[in-house]
Amino acid sequence: MNGADTAFVLISAALVMLMTPGLAFFYGGMVRVKSALSMLMMSFVSLGVVSVLWVLYGYSLTFGDDLGGGLLGDLGHVGLRGFGPQSLLADGGIPVFAFALFQLMFAVITPALMSGALADRAKFSAWVLFVALWVTFVYFPVAHWVWQADGWLFRLDVIDFAGGTAVHINAGVGALAAVLVVGRRIGFTKEPMRPHSLPLVMLGAGLLWFGWFGFNAGSALAANGTAANMAMNTQVATGAAMIGWLAYERLRQGAFTTMGAASGAVSGLVAITPAGAHVNAFGAILIGLVAGVLCSTAVGLKFRLGYDDSLDVVGVHLVGGVVGTLLVGVLATGGRAGLGQLGRQAVGAFSVMAFSFVVSWILAKVVDLTVGFRASEDDETSGVDQAFHAETAYDFGELAGSPTLWHTGPVTGPGGIAPVVPKYQEGGKTRL
């Protein structure tokens, strides 16, 4: 066991775990007040559902022995059977449990990414069911294709260091399929649906940026030069994407928006994910700039094409994932760049898109026909927070969230000495 590498992977797993609450804040700030809690919960619940399924059978389906054709693992490691605390990966000095925990966090955040596309209108119970089905029939197989040594895309030599295909393209096109089943929000293109808290958006973007170092550099599975290169490229690509998005936004709209800065940063994080370990810093900057401009352009397509991707999951994650996955075929160092590699990257990107779209649409349709995917019109209009969680994100009432205390005697301060001025006095009683 390599202690340094093990510690690095465990810390990276914790950083990736933080990305899911960060995503919750990012999405939660982008929606209207009446849907803020629902948005937080749609991300947060993935930590519970996917964690359990991963241990039960997800790890085995993803990293178990191939059943044939490089499409899916077997069930030989159900419940992590066959592993103990001292079990090490065959090709590295880290425990299997450390690797499994790290990969679990990828499985957690991928369906959470999709949730933003369905903001304001999805039933929470239906969403939970959809997450369970989606990771089982879409994420686990695709992750096997990409990252398991006998997966068919791995054997094809498709470069995806940390999840451009398995995470971002997969989630982006899956979100599009779900949106087409669930339909548009009431008032889409007719009513303003502005973010209720840009500070929350910026907080979420900052947490995502921070956690992404674990996501990307941690995928080296060792504290080495590859991890360092990936961390550097993650930083510069993200900065370049933010600049590219803001510059394009300034030319198009005449302003540098806070939302643009946050979304641009995320687009860069997405695009560098598959490519960062195989390009130099200049390549990372180019990938970031291209992603920032193209993703900013793509988010407006929903209005032209008529699909209601509430929080631009398709525009940022699908488009950003495709940009990074394809450009690494052109910019990869070490003699790997060329038309052959670009062709392999295209096969990886578009095969995942096709599979994920078809299966995601079927799963969303099954959920819709059985339990109903969409909230009722009344619940959507009044707010899904109250309808499904019996809470609101903010209580603007008098003395919000504080218990009302009544005192019939003299009102004094600590130790019975300093008098306290009561806030209200009614009927001889003092309301504190």
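Since the model is a prediction, treat every value here as computed from it, not as a measurement.
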Please work out which of the three classes, parallel, tilted or perpendicular, describes the rings of F373 and F130, given edges at 30° and 60°.
->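 Ring orientation of F130 relative to F373: tilted.
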Fit a plane to each ring of H317 and H168, take the angle between them on a 0 to 90° scale, and name the class: parallel (under 30°), tilted (30 to 60°) or perpendicular (over 60°).
->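 H317 and H168: parallel rings.
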For L133, which of L129, V135, V131, T136 qualifies under side chain to side chain contact (heavy atoms under 4.5 Å, CB included)?
->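 Result: among L129, V135, V131, T136, L129 is the only option passing the side chain to side chain contact (heavy atoms under 4.5 Å, CB included) with L133.
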What's the separation between atom [atom1] in [X] and atom [atom2] in [Y], rounded to the nearest 0.5 Å?
| X | Y | atom1 | atom2 | result |
| --- | --- | --- | --- | --- |
| L311 | S115 | CG | OG | 7.5 Å |
| L80 | L56 | CG | CG | 9.0 Å |
| L71 | W152 | CG | CH2 | 8.5 Å |
| D74 | L67 | CG | CG | 5.5 Å |
| L221 | I94 | CG | CD1 | 4.5 Å |
| L269 | Q235 | CG | CD | 9.0 Å |

Applying side chain to side chain contact (heavy atoms under 4.5 Å, CB included), run through E191 and R32 and close with a yes or a no.
-> CA-CA 12 Å; E191 300 176 7; R32 292 169 287 180; 4.1 Å; yes
Looking at every non-hydrogen atom in both residues, tell me the closest pair between [X] and [Y] and how far apart they are.
| X | Y | value |
| --- | --- | --- |
| V323 | A271 | CG1-CB, 4.5 Å |
| G214 | F102 | O-CE1, 3.4 Å |
| I159 | P274 | CG2-O, 3.7 Å |
| F256 | L246 | CD2-O, 3.5 Å |
| G348 | S351 | O-OG, 3.1 Å |
| L37 | T392 | CD1-C, 3.4 Å |

Under the 3.5 angstrom rule, does the side chain of [X] hit a backbone N or O of [Y] as a donor-acceptor pair?
| X | Y | answer |
| --- | --- | --- |
| S60 | Y57 | no |
| Q148 | G73 | no |
| S219 | F215 | yes |
| N224 | A227 | yes |
| K34 | T381 | yes |
| D379 | V384 | no |
| S267 | G264 | yes |
| S46 | V108 | yes |
| W147 | F63 | no |
| D150 | D66 | yes |

Run the side chain to side chain contact (heavy atoms under 4.5 Å, CB included) check on I362 and F137 step by step: do they pass?
-> CA-CA 11 Å; I362 292 172; F137 294 102; over 6 Å; no
Give me the one residue out of K190, R185, K302, R374 that meets salt bridge (Lys or Arg N to Asp or Glu O under 4.0 Å) with D308.
->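 Exactly one pass, corresponding to R185.
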Check the surroundings of atom [atom1] in [X]: do more than 12 heavy atoms from other residues, nucleotides or ligands lie under 6.0 Å from it?
| X | atom1 | answer |
| --- | --- | --- |
| R336 | CZ | yes |
| F188 | CZ | yes |
| R81 | CZ | yes |
| Y394 | OH | yes |
| L305 | CG | yes |
| F25 | CZ | no |

Residue pair [X] / [Y], side-chain heavy-atom distance below 4.5 Å:
| X | Y | result |
| --- | --- | --- |
| M259 | L198 | yes |
| S51 | L104 | yes |
| F357 | L180 | yes |
| M114 | W127 | yes |
| L47 | F44 | yes |
| L294 | Y248 | no |
| V158 | V146 | no |
| V279 | N233 | yes |

Apply side chain to side chain donor-acceptor pair (under 3.5 Å) to the pair D120 and S35, showing each step before the final yes or no.
-> CA-CA 6 Å; D120 296 323; S35 303; 2.5 Å; yes
Among F83, F97, W54, whose ring pair (Phe, Tyr, Trp, His ring centres under 6.0 Å) with H77 holds?
->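 The residue from F83, F97, W54 that satisfies ring pair (Phe, Tyr, Trp, His ring centres under 6.0 Å) with H77 turns out to be F83.
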Evaluate the side chain to side chain donor-acceptor pair (under 3.5 Å) criterion for residues S310 and R121: first the C-alpha distance (whole Å), next the side-chain angles of each, then the deciding distance (0.1 Å), finally the verdict.
-> CA-CA 10 Å; S310 305; R121 62 199 187 278; 2.7 Å; yes
Determine, stepwise, if the pair L208 / V266 fulfils side chain to side chain contact (heavy atoms under 4.5 Å, CB included).
-> CA-CA 8 Å; L208 284 169; V266 173; 4.2 Å; yes
Taking T234 as the fixed residue, which of T273, N229, N216 is the one that meets the side-chain hydrogen bond (donor to acceptor under 3.5 Å, both in side chains) rule?
->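 Of all the options given, the one that passes is N216.
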Under the side chain to side chain contact (heavy atoms under 4.5 Å, CB included) criterion, do F8 and N2 qualify, and how do the steps go?
-> CA-CA 10 Å; F8 177 70; N2 186 308; over 6 Å; no
Could you check Q103 against T62 for side chain to side chain donor-acceptor pair (under 3.5 Å), going step by step and ending with a plain yes or no?
-> CA-CA 10 Å; Q103 287 292 337; T62 304; over 6 Å; no
